[in-house]
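Notes to accompany the following structure.
Naming convention: chains lettered A, B, ... in sequence-line order (proteins, then strands); numbering from 1 in each chain.
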Number of protein chains: 2
Amino acid sequence: MKLPSATSAITIELTAVLVALTADEPQVLTLEDGALLPSGPFESDHPTLQTGLRAWVEQQTHHPLGYVEQLYTFADRNRAAEGGHGLDQRRVVSISYLGLTRERLSRGPRDPEWRNWYRYFPWEDWRAGTAPLVAREILPRLRKWSDASGDSALKRDRRQRIEINFGDGKKQWNEDLVLQRYELLYEAGLVPEAATGRHQVDAPLFGMMMRHDHRRILATGIARLRTKIKYRPVVFELMPEAFTLLQLQRAVEALAGRPLHKQNFRRLIDQQGLVEETGAISAHTAGRPAKLYRFSRQVVLERAFGGTKLPLSRS
Amino acid sequence: MKLPSATSAITIELTAVLVALTADEPQVLTLEDGALLPSGPFESDHPTLQTGLRAWVEQQTHHPLGYVEQLYTFADRNRAAEGGHGLDQRRVVSISYLGLTRERLSRGPRDPEWRNWYRYFPWEDWRAGTAPLVAREILPRLRKWSDASGDSALKRDRRQRIEINFGDGKKQWNEDLVLQRYELLYEAGLVPEAATGRHQVDAPLFGMMMRHDHRRILATGIARLRTKIKYRPVVFELMPEAFTLLQLQRAVEALAGRPLHKQNFRRLIDQQGLVEETGAISAHTAGRPAKLYRFSRQVVLERAFGGTKLPLSRS
DNA sequence: CACCTATATACTCAACTAGAGTATTAATTA
DNA sequence: TAATTAATACTCTAGTTGAGTATATAGGTG
């Protein structure tokens with residue numbers, strides 16, 4: 001180990017939000033009992049940041065990386081520094097990435113472990129209708145928080161943010177605001193920024209915590225993916241080679257956290273010509289067997305518009 | 001000057017795409033005769049990257065920074081390194097930002113200088129209808145380039161990219177694809193990655209060049225801004241305190257590079273309740289005087305949906 | 001076998017949106 | 001006064017979106 005030079009050295013850290021789908025559930029790859037996202041230093045012998053990230057996620061998790069997209073870069077003093085090295089002058093610049101893959105780690109329950117992302121953000125899952133957590137637990141506390149602010153301008157501002165983010169009143173729920181909702185809950189004191197020890201990772205009511213700011217990075221990744229599926233056909237990065245249209249719908253629903261209208265979803269899919277029949281038919285457990293489809297690559301390598309909008313459903 | 005230690009040191013460089021509007025034209029702040037964007041190192045005594053950027057843009061350009069948004073981070077070997085220090089092992093991580101401001105530098109023509117961004121990307125201005133440069137100069141060359149590729153799969157792929165990005169055939173023009181178009185022109189050899197000397201900055205036909213990868217960063221900034229105005233009311237960051245609706249329309253047109261339908265633009269604006277009358281009326285040069293409006297801040301501090309979509313017009 | 005269940009698939013419908021166009025009004029300037 | 005420039009008020013039509021109804025096709029169960 002070498003000591004950093006007298007002038008404060010800068011370290012680059014790469015963090016990955018690695019997403020896969022298993023049994024219609026969105027999974028994210030974690031380390032150390034779900035407390036960390038895979039991350040590590042950028043070695044300067046790599047030609048680009050992405051190759052650095054790939055090399056290293058694969059080495060650490062034995063997991064091939066498919067689609068990769070950059071999320072955000074920050075170097076805030078008070079965010080990364082939490083480990084307790086009070087006098088350490090090293091400056092950390094943290095660059096985060098979103099990665100999609102169809103692979104699944106076939107290991108024991110130990111370290112690199114896939115976790116359902118709704119365990120970290122239980123209020124984000126509206127597939128079964130209004131998440132009861134929001135109405136019963138979150139909204140009352142947020143209202144108390146906004147009412148407790150003395151300044152009346154501040155109070156109105158808080159009320160407005162609550163309404164926009166959590167759909168107070170009869171407003172819509174916007175599934176894209178994952179990060180804003182997390183930040184609002186943090187400001188309101190319902191959710192801590194980071195788990196400080198190994199033992200504080202579980203927080204049943206408002207979701208699992210993570211160390212450092214990894215939970216915030218995860219929120220950023222989910223938000224990015226949810227906006228992306230609306231204009232780029234990225235879902236296919238997460239699907240197996242052949243799939244039924246219902247499977248595809250369940251996949252989009254899992255990511256968006258909302259139920260979709262089945263018939264309209266199908267209309268949309270074939271309007272856009274994103275898929276083609278394989279000829280085969282699904283061997284199913286129950287009900288009428290469905291045709292199998294595959295992603296028709298030549299049509300959509302870099303489709304400009306349209307992607308996969310969301311045919312929402314009220315229910 | 002200190003030599004870097006034996007282990008290769010990493011430098012963080014911050015680059016800003018600073019945008020303003022003057023006389024209905026989009027302007028970007030440049031240095032050294034338009035060859036560079038303002039940029040400089042991140043000093044590790046700054047608490048965050050943004051404060052680093054602000055401090056330093058203001059010190060270098062005497063210009064206050066308003067709205068700021070991060071663009072992209074990269075550390076590619078072959079991109080930043082162009083200066084010729086062949087053996088220099090310093091690794092540069094470059095973080096770019098988009099900044100909006102209504103201020104205008106009141107100086108002589110010397111160094112920090114606002115330039116119309118369409119001087120760098122002349123093919124991006126479609127306000128007066130189809131840009132003749134595209135039909136007459138660019139498309140023929142791109143077609144020659146795609147036809148010259150031997151492989152037929154490659155040929156089809158190139159044709160498809162040309163069609164999507166530049167609207168070959170009768171397809172639509174998508175104003176958001178600024179970066180993809182620039183990259184396509186670069187691949188086709190119509191545009192160089194960087195100006196290598198002071199004298200190669202001018203390239204009348206396909207726009208002015210910049211040194212390093214600053215022109216690519218500028219493209220990224222324009223693209224981001226063009227997508228952003230569709231769902232967030234960021235135009236107002238660029239407007240004076242009071243303005244007429246036509247001025248507002250011209251501003252959006254300048255950014256998007258397309259003509260808008262006047263009546264529909266107005267319909268959209270007041271549907272969304274983004275502005276309110278000031279009571280005053282414009283002192284005009286010609287024609288019927290228009291009411292003056294201001295951005296109604298309390299309504300839209302963090303509006304979730306809707307922003308300002310673009311009521312396009314064919315003509 | 002009749003019947004039930006679960007899914008696939010085909011259509012229809014109404015409300016809303018987006019792009020376009022026409023007509024009218026209100027000021028300034030030649 | 002006429003010409004000009006721009007603001008403002010409506011209407012129209014095609015397409016999109018969320019929703020609902022109806023029918024088809026499989027496996028399983030009494």
What closest approach, in Å, do B:R224 and B:E69 show between heavy atoms, and which atom pair accounts for it?
NH1-OE2, 2.7 Å

Could you pull out the closest heavy-atom pair between A:L184 and A:F166, with the gap in Å?
CD2-CE1, 3.8 Å

What is the distance from [atom1] of [X] to [atom2] of [N], rounded to the nearest Å?
X: B:Y293; N: D:dA6; atom1: OH; atom2: C1'; value: 13 Å
X: A:Q249; N: D:dG18; atom1: CD; atom2: C1'; value: 14 Å
X: A:N264; N: D:dG18; atom1: CG; atom2: C1'; value: 6 Å
X: A:R266; N: D:dA24; atom1: CZ; atom2: C1'; value: 13 Å
X: B:F243; N: D:dA7; atom1: CZ; atom2: P; value: 13 Å
X: A:I269; N: C:dA8; atom1: CD1; atom2: P; value: 14 Å

Among D:dT17, D:dA7, C:dC11, the nucleotide that comes nearest once only the side chain of B:L246 is considered:
D:dA7

Counting only side-chain heavy atoms from C-beta out, which of C:dA8, C:dG19, C:dG21 sits nearest to B:H261?
C:dG21

Classify the side chain of A:Q271 and the base of D:dT16 as holding, or not holding, a donor-acceptor pair under 3.5 Å.
no

Can a donor-acceptor pair under 3.5 Å be found between the side-chain atoms of B:Q263 and the base atoms of C:dT22?
yes

Return no unless some side-chain N or O of A:K262 is found under 4.0 Å from OP1 or OP2 of C:dT9.
no

Can you see whether B:W173 has B:R181 sitting over its ring - NZ or CZ less than 6.0 Å from the centre and within 45° of the normal?
yes

Tested for salt bridge (charged side-chain N to carboxylate O under 4.0 Å, His left out) against B:E25, the lone hit among B:R127, B:R115, B:R250 is B:R127

A:R267 or B:L245: which one's nearest nucleotide on DNA chain D is closer to the 5' end?
B:L245

